[in-house]
Amino acid sequence: MSNQETSLILLKPDTVTKGRCGEVLKRFEEQGFKIRGVKLMKLSDELLAEHYSHLADKPFFPTIVGFMQSSPVVALALSGENAISRVRDLLGPTDSTKAEKGTIRGDLGEDMMINCAHASDSPESAAAELKRFFRDDEVLDY
Ligand code: ADP
């Protein structure tokens, strides 16, 4: 049975400043994922506080905010069969130094924080995150 899902991806400042958006997007497109929404965004303090609320009490929270505001990010709404788990698999684990070669973080990430991209981790968070980054009319059906 088909399980079409849409995931919210952020190409983080390391990907943007190193000119690797194309490389990361190519890996998604090669797996058959479809771009339904895309935009370059500067992330506000408020948006990041919401997006990373599960980390708000960590000592490294301000460092993450600084990193995520060090350049614009590319937000993507990406659709496909089991997109949420399959995109996370393509990324590899949070810590790039522990990610296998062949995964995006394993090939392109630096460490625990500088790890190329964010991707939604469940259907519930995907729904909340898509609303956080895109208006309804910015996610296109085609
Ligand atoms: P993921 O992005 O893999 O879903 P989390 O939601 O746990 O992981 O963390 C969100 C982001 O916060 C990570 O992608 C990473 O950039 C940063 N981060 C998480 N844990 C740490 C840490 N211990 N030190 C530095 N940065 C971290």
Side-chain angles (χ1 to χ4, degrees), residues 1-136 138-141:
M1 235 178 52
S2 154
N3 180 37
Q4 288 295 313
E5 292 177 328
T6 305
S7 187
L8 182 280
I9 318 298
L10 300 175
L11 304 184
K12 294 187 181 186
D14 54 320
T15 300
V16 171
T17 58
K18 290 174 183 167
R20 289 183 175 157
C21 294
E23 170 64 30
V24 176
L25 257 182
K26 177 168 79 93
R27 293 181 185 220
F28 294 143
E29 289 186 310
E30 277 172 353
Q31 295 303 314
F33 294 115
K34 188 166 166 180
I35 299 170
R36 304 269 311 283
V38 57
K39 61 177 160 178
L40 189 67
M41 298 175 72
K42 278 183 165 176
L43 304 183
S44 68
D45 290 344
E46 293 71 25
L47 189 147
L48 281 167
E50 235 185 81
H51 186 64
Y52 285 137
S53 60
H54 59 297
L55 301 174
D57 56 355
K58 303 284 187 201
F60 50 82
F61 181 71
T63 314
I64 299 179
V65 171
F67 166 57
M68 293 300 287
Q69 293 180 331
S70 63
S71 84
V73 303
V74 176
L76 295 165
L78 217 59
S79 291
E81 181 75 12
N82 297 317
I84 294 166
S85 63
R86 283 176 58 220
V87 169
R88 296 275 296 188
D89 290 346
L90 283 181
L91 276 187
T94 307
D95 186 349
S96 306
T97 66
K98 298 204 167 73
E100 284 180 33
K101 288 292 165 203
T103 64
I104 292 170
R105 286 170 169 167
D107 292 344
L108 307 172
E110 292 185 27
D111 56 27
M112 184 79 177
M113 182 178 74
I114 303 174
N115 59 6
C116 298
H118 164 84
S120 305
D121 64 3
S122 68
E124 295 70 32
S125 51
E129 291 174 358
L130 286 163
K131 277 205 183 317
R132 185 172 301 143
F133 289 89
F134 288 98
R135 295 193 315 262
D136 284 350
E138 291 175 326
V139 179
L140 307 183
D141 269 319

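Counting convention: from 1, in listed order, for ligands and their atoms alike. In this chain, numbering begins with 1 at the start of the sequence shown. If you're wondering where the values come from, they're calculated on a predicted model, not measured in any experiment.
Distance from atom 17 (C) of ligand 1 to its nearest protein heavy atom, with residue and atom name: Ile64 CD1, 3.5 Å. The shortest contact between atom 27 (C) of ligand 1 and any protein heavy atom is with Phe60 CE1, 3.7 Å. Protein heavy atom in closest approach to atom 15 (C) of ligand 1: Met112 O, 3.3 Å. Taking atom 2 (O) of ligand 1 as the reference point, the nearest protein heavy-atom neighbour is Arg105 NH2, 3.6 Å.
Near His54, meaning under 4.0 Å from one of its heavy atoms, ligand 1 places the atoms 5 (P), 6 (O). Shown in contact with Met113 at under 4.0 Å from a heavy atom are these atoms of ligand 1, numbered in order with element: 15 (C), 16 (O), 25 (C), 26 (N). In summary, the atoms of ligand 1 found under 4.0 Å from a heavy atom of Leu55, numbered by their order in the structure, are 9 (O), 10 (C), 12 (O). Within ligand 1, counting atoms from 1 as listed, the ones closer than 4.0 Å to a heavy atom of Thr94 are 1 (P), 3 (O), 8 (O), 13 (C), 14 (O). Near Lys12, the atoms of ligand 1 lying under 4.0 angstrom from a non-hydrogen atom of the residue are 13 (C), 14 (O), 15 (C), 16 (O).
For the pair Arg132 (side chain) and Leu47 (backbone), a donor-acceptor distance under 3.5 Å is absent. Within the 3.5 Å criterion, the main-chain N or O of Phe133 finds a donor-acceptor partner in the side chain of Lys39. Side-chain atoms of Asn115 do not come within 3.5 Å of backbone N or O of Gly109 as any donor-acceptor pair. No donor-acceptor pair under 3.5 Å is formed between the side chain of Lys42 and the backbone N or O of Pro72. Formation of a donor-acceptor pair under 3.5 Å by the Ser79 side chain with backbone atoms of Lys34 is not found in this model. A donor-acceptor pair is defined here as one N or O able to donate and one able to accept, closer than 3.5 Å; no such pair exists between the side chain of Arg36 and the backbone of Ser7.
When heavy-atom distances to ligand 1 are checked against a 4.0 Å cut-off, Asp121 has no atom that comes that close, whether in backbone or side chain.
Electrostatic pairing of Arg20 and Glu23 does not count as a salt bridge here, judged by no charged N lying under 4.0 Å from a carboxylate O. With salt bridges taken as basic N to acidic carboxylate O contacts below 4.0 Å, one links Lys18 and Glu110.
Within the structure, ligand 1 has Tyr52 among the residues with a heavy atom less than 4.0 angstrom away. Proximity of Arg88 to ligand 1 is established by a heavy-atom distance of less than 4.0 Å.
When the options Val38, Ile35, Leu78 are evaluated for a side-chain contact (heavy atoms from CB on, under 4.5 Å) with Ile9, the one that passes is Leu78.
Below 3.5 Å of separation, one finds no N or O of His118 facing any N or O of ligand 1.
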